[in-house]
2 protein chains.
Amino acid sequence: MDRFVSTFTNKIDAKGRVSVPAPFRAVLERDGYAGGIYCYPSLDAPALDAGGERLAQKIDGLLAGLPDYSDERDELSVALYGDVQVIAIDGDGRIVLPQSLRGHAGLQSEVTFVGLGDKFQMWAPERFDERRRVAREKVQEHRKLLGRQPPRSDGGDGESE
Amino acid sequence: MDRFVSTFTNKIDAKGRVSVPAPFRAVLERDGYAGGIYCYPSLDAPALDAGGERLAQKIDGLLAGLPDYSDERDELSVALYGDVQVIAIDGDGRIVLPQSLRGHAGLQSEVTFVGLGDKFQMWAPERFDERRRVAREKVQEHRKLLGRQPPRSDGGDGESE
DNA sequence: TGGAATTTTATGGGCGTCAATGGATTGTTA
DNA sequence: TAACAATCCATTGACGCCCATAAAATTCCA
């Protein structure tokens with residue numbers, strides 16, 4: 001399997017380090033790990049997007065269609081490359097997130113890693129919970145609209161920890 | 001890695017010196033560093049463009065495509081070569097930006113280095129923040145135009161815990 | 001199948017190295 | 001000799017790298 005799946009929550013230690021979940025590291029290596037992960041603020045969420053070479057190539061692909069030295073390319077470059085940080089993974093599988101990135105995602109003491117297939121996101125756990133809660137509500141609404149009662153056996157939201 | 005990526009902000013000291021981020025210096029060396037970086041005012045932004053040999057060759061390539069003695073070539077030559085400065089990097093990895101260049105970018109006490117792949121830019125931090133904000137909005141539009149995959153209703157449903 | 005042994009992970013801390021920054025010293029030129 | 005530029009040196013703080021420990025998962029064997 002070479003996609004990022006599942007969620008994991010790890011701690012940020014006193015030096016600002018976080019362990020990248022082992023399954024994600026495995027994916028990164030199969031992806032052709034080249035010294036660091038590519039990480040940037042998510043465009044539409046208070047989170048960070050990250051990935052390996054495949055993600056980098058995707059970014060390159062976006063720019064490849066634009067002519068050199070066009071205004072458009074320069075602007076896109078700033079947004080795509082300029083925001084990207086290459087973050088090294090140390091021998092123990094940990095990364096250190098720069099302050100600028102931490103700020104965007106509101107990361108403090110813990111990080112929730114969320115697999116999204118060809119990339120993964122990093123969230124502050126509280127914010128991710130909130131987002132997931134909203135997402136589930138929307139799913140419920142959809143079901144009602146479809147006329148099917150969701151099998152609510154009891155109040156169990158599955159939030160067993 | 002042989003591309004400029006990430007952003008770094010360094011200080012200008014009393015003598016006008018700034019450290020070029022170490023990762024960028026590494027790229028320059030692999031690029032065939034020849035005594036100095038090529039630096040000129042960005043054509044469409046209050047910033048400075050800079051790079052190594054590859055950038056120089058790219059400029060040459062642009063001009064090569066145009067017929068000799070054409071107006072277009074003359075204009076481009078002036079625009080591209082005219083303001084280029086070759087700036088030496090001292091033993092400690094620092095450069096001194098001439099007043100003319102500092103003025104164009106409005107550089108005062110700090111410089112934000114922005115990796116753009118084949119080249120990098122130098123910005124006054126405040127101005128860069130503004131530019132990035134605008135650029136990110138444009139990227140949003142691009143994503144829509146490019147028809148991204150339908151928004152995932154839930155980032156991580158597979159709770160493996 | 002159960003339980004012990006072993007391996008993998010997450011996390012904490014120590015330490016050496018390097019990069020960024022400031023200052024001093026030497027060299028150069030008008 | 002004054003002003004400026006280039007080179008060298010010193011400090012400090014961050015980061016990379018190593019090891020230690022504990023918990024969890026996996027393997028192995030009876």
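Naming: A, B, ... by sequence-line order, numbering from 1 per chain.
- Counting non-hydrogen atoms under 4.0 angstrom, B:Val18 reaches nothing in the nucleic acid.
- Distances shorter than 4.0 Å separate some side-chain N or O of A:Arg25 from OP1 or OP2 on C:dA10.
- Between B:Asp92 and B:Lys15, the one whose closest nucleotide on DNA chain D sits nearer the 5' end is B:Lys15.
- Applying the side chain to side chain donor-acceptor pair (under 3.5 Å) criterion to A:Asn10, with sequence neighbours excluded, gives no partner residue.
- Rounded to whole Å, atom P of D:dA22 lies 14 Å from atom NZ of A:Lys11.
- Here D:dA14 presents its P atom at 19 Å from CD1 of A:Ile95, a figure rounded to the nearest Å.
- What separates CD1 of B:Ile89 from P of C:dA20 is a distance of 11 Å, to the nearest Å.
- Between B:Phe24 and B:Phe4, the ring planes lie perpendicular to each other; the angle is over 60°, past the 30° to 60° tilted range.
- Rounded to whole angstrom, the span from the CD1 atom of A:Ile12 across to the P atom of C:dA10 amounts to 15 Å.
- D:dA25 atom P lies 11 Å from atom CZ of A:Phe8, rounded to whole Å.
- With salt bridges taken as basic N to acidic carboxylate O contacts below 4.0 Å, none links A:Asp92 and A:Arg17.
- Not a single donor-acceptor contact under 3.5 angstrom links the side-chain atoms of A:Asp90 to the base of D:dC18.
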Could you walk me through whether A:Lys144 and A:Glu141 pass the salt bridge (Lys or Arg N to Asp or Glu O under 4.0 Å) test, one step at a time? CA-CA 5 Å; A:Lys144 282 175 186 157; A:Glu141 286 173 20; over 6 Å; no

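- Here the P atom of nucleotide C:dT8 and the CD atom of A:Glu29 are 13 Å apart, to the nearest Å.
- With hydrogens and angles left out, the side chain of B:Arg94 and the base of C:dG22 share a donor-acceptor pair within 3.5 Å.
- Between the side chain of A:Arg17 and the base of D:dG16, no donor-acceptor pair of N or O atoms lies under 3.5 Å.
- Nearest-nucleotide positions on DNA chain C place A:Gly93 closer to the 5' end than the other of B:Asp13 and A:Gly93.
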